[in-house]
2 protein chains.
Amino acid sequence: MVSIREVAKLAQVSPATVSRVINGTAKVDDEKKERVLRVISETGFVPNEVARSLFKKSAKIIGLILPSIKNPFFTQMASAIEKTADASGYRLVLCNTGNSPDKELSALQMLTSMNADGIILTTSNEQIHEYIENCKIPVIITDRRLAIDGACYVHSDHYEGGRQAAEHLIDCGCKSIVCIKGPQDISSARARYEGYSKVCNEKNIKLQTVDCDYDFNAGLEVTEKILKKFPDVDGIVACNDIVAISVYKVLHKKGIKVPEDIQLIGFDNISLSELLTPELTTIAQPIEEIGAKAAELIINRDEELTEREFTFETELIIRETTKLKGDR
Amino acid sequence: MVSIREVAKLAQVSPATVSRVINGTAKVDDEKKERVLRVISETGFVPNEVARSLFKKSAKIIGLILPSIKNPFFTQMASAIEKTADASGYRLVLCNTGNSPDKELSALQMLTSMNADGIILTTSNEQIHEYIENCKIPVIITDRRLAIDGACYVHSDHYEGGRQAAEHLIDCGCKSIVCIKGPQDISSARARYEGYSKVCNEKNIKLQTVDCDYDFNAGLEVTEKILKKFPDVDGIVACNDIVAISVYKVLHKKGIKVPEDIQLIGFDNISLSELLTPELTTIAQPIEEIGAKAAELIINRDEELTEREFTFETELIIRETTKLKGDR
DNA sequence: ACTATGTTTGAAACGGGTTTCAAGAGTGAA
DNA sequence: TTCACTCTTGAAACCCGTTTCAAACATAGT
């Protein structure tokens, strides 16, 4: 691996001059510049990013800390972050926590000590509170809202999304709706349910709920439970698209027709929801916008922020698991 | 950010001693060790990973260069890589290339200059040849086989997978099978097709093929084409699960029953293929094993390699889109 | 008591770009 | 010709954890 000092020697200039040529930080005599460039291309010299970031205290890195890389929602968000980051020359360092607070903290420390320029984090764990507040790099919390000052929040309007889901099923004529509540330690799941139940209260609809994790197998189980507990159910609000898919699967296996017998709505609008047969009616989050915004907040971190919370609107996407026809 | 020199000053020892305490690289007087540990916990000192990796020439980083982060196959592989990496204290730096050779090369250079300990790469681009052969860190090419010396290869036996798919549809009684060939510049797609066509030749089955990209929309189009060109088709071998899903979607929309009218088999066994209704019959690649193996090759890079190519077996997973019943 | 061996320790060098600072070169005006 | 000012350039310090090397000290053996 050739170093800047070797390039300097071969081009008969000082390392400082080579640095100035590479970065265009100061005027360099044309003849010398050419010599330097020639040596660089002959030797294939690439500046060592580690040495650079040691001095600059910026590694051009965005840290991404997620509960699970396999979850399509996070994957789509990660993809949007990567796209935005890459366009500005930033790389993504990925950490998977499986919701473990220990792993979250160590990922956070790790990324700070790597001179990351900012961290994008999805967590429900308030214990990392202190670390984040003392953190000198921006920390962006996506999808969820915690009570941590010093962080930025980027998420959808889950409350409104919950309302939209409830209203849509009611508009579709459902009389006995069951809401599958997501994990209530997650702020977005809480907000969705609050929006949902608000509408039900306004319209005097009886609240029928079951609890469920954001997990395919949990969705399979909870569907059985719904059918047993609420035999007259004709509408199901799933806590996310993955759970909606599992609900559909159980209903289909039992010969229950969707949307004829039971109507079904998901949440997130992961790209999968459109690939399925039948296509899933769902509440769309602007996943790409959320990811892009989070990345931008880090890339433009020197700009003074007027807001610390960015809320995006959700949108009802009517497809094939409910009866009203959408635009499509 | 407190440095090792500050810690040393506060603990009244030299930076060298602090380093020895942190890393356990040499015996340190118990009393001093305790002083150092106390100062570390009081100040919240975390060693700067960048300075460390500048000296050590290892950043404890695995670079992962993929055509697309959204593709579930790669996501599942990435997840397995992350799991293996994390267990040994390595982080993942993710680069998305969208198959652009320029981006591949710059990601490769970038990762080398970041002192990455190794790179896992999925590409069909032979142009990066020279760079990889001169690369001083291990480069592992997954899923595909190129003609690049100096790289390691980790993949499934796609040829055998192609054979299994063909044999299964024949066993299921298909008389007019259409094979959707994947992009033939990708070695694994070629191998699958070779395995497939070998079986057809052995059994005197007419080869009926169409070309298709690994893409959902391409799958929708190609299905229309199949129905037009081969109206008596009763079996379809899709080039991967995503395309199989899109094929199913078109067939379903046209009222064609799967597997009654047309049987369908995918490739990969992404977790999605089991979530669907109907569940997809497919040729499984051991995605997690491939990812883990690739990561291990980097983590254990000092061990002498006896092989440069690691081939995993594929497995026929019979589910609901073909007529023979599997174990389940 | 004195050599021999072993252990602990800190000063200093190292890794490789970047930046500061002051010297040297060049230009123009007086 | 000389003073003033600008532009280009390289030496050296810097970022910060690690390691080498030799000094200092301790223990054991004779």
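Throughout, a chain's letter reflects where its sequence line sits, starting with A, and its residues are numbered from 1.
- Using a 4.0 Å cut-off between a side-chain N of Lys or Arg and a carboxylate O of Asp or Glu, A:R145 and A:E309 qualify as a salt bridge.
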Can you give the donor-acceptor pairs under 3.5 Å from side chains of residues 37-44 of chain A to other protein atoms, not counting sequence neighbours?
from	atom 1	to	atom 2	distance (Å)
A:S41	OG	A:R38	O	3.3
A:T43	OG1	A:V39	O	2.7
A:T43	OG1	A:I40	O	3.3
A:T43	OG1	A:F45	N	3.4

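- Judged by distance alone, with hydrogens and angles left aside, the side-chain atoms of A:T75 form a donor-acceptor pair with the main-chain N or O of A:N71 at under 3.5 Å.
- Contacts of A:V28 with the nucleic acid, taken as non-hydrogen atoms under 4.0 Å apart, involve only primed sugar atoms and P, OP1 or OP2.
- A salt bridge links A:E31 with A:R35: the distance from a Lys NZ or Arg NE/NH1/NH2 to an Asp or Glu carboxylate oxygen falls below 4.0 Å.
- As judged by a 4.0 angstrom heavy-atom cut-off over every strand, B:V13 is placed among residues touching the sugar-phosphate backbone only.
- Remark: A:N48 is not in phosphate contact with C:dG15, judged by side-chain N or O atoms under 4.0 Å from OP1 or OP2.
- Contact annotation: B:T17 side-chain N/O to C:dT9 OP1/OP2 distance is not under 4.0 Å.
- For B:S14 and C:dG10, the shortest distance from a side-chain N or O to OP1 or OP2 is below 4.0 Å.
- Nearest-nucleotide positions on DNA chain C place B:A16 closer to the 5' end than the other of B:A16 and B:F55.
- Dashed line: the shortest gap from a side-chain N or O of B:K57 to OP1 or OP2 of C:dG16 is under 4.0 Å.
- Residues B:L54 and B:R20 both approach DNA chain D. Their nearest nucleotides, taken by heavy-atom distance, put B:L54 toward the 5′ side.
- Looking at A:D86 and B:K103, a side-chain N of the basic residue comes within less than 4.0 Å of a carboxylate O on the acidic one, giving a salt bridge.
- Ion pair A:E49/A:R52 flagged as a salt bridge, since at least one NZ, NE, NH1 or NH2 atom sits closer than 4.0 Å to an Asp/Glu carboxylate oxygen.
- Note on A:R5: every side-chain N or O is 4.0 Å or more away from OP1 and OP2 of C:dG16.
- Per the geometry, CD1 belonging to B:I4 stands 17 Å off P belonging to C:dA12, to the nearest Å.
- Remark: C1' of C:dG16 and NZ of A:K9 are 14 Å apart, rounded to the nearest angstrom.
- Protein chain A contacts DNA chain D over a range whose 5' and 3' limits, counting nucleotides with an atom under 4.0 angstrom from a non-hydrogen atom, are D:dT8 to D:dC16.
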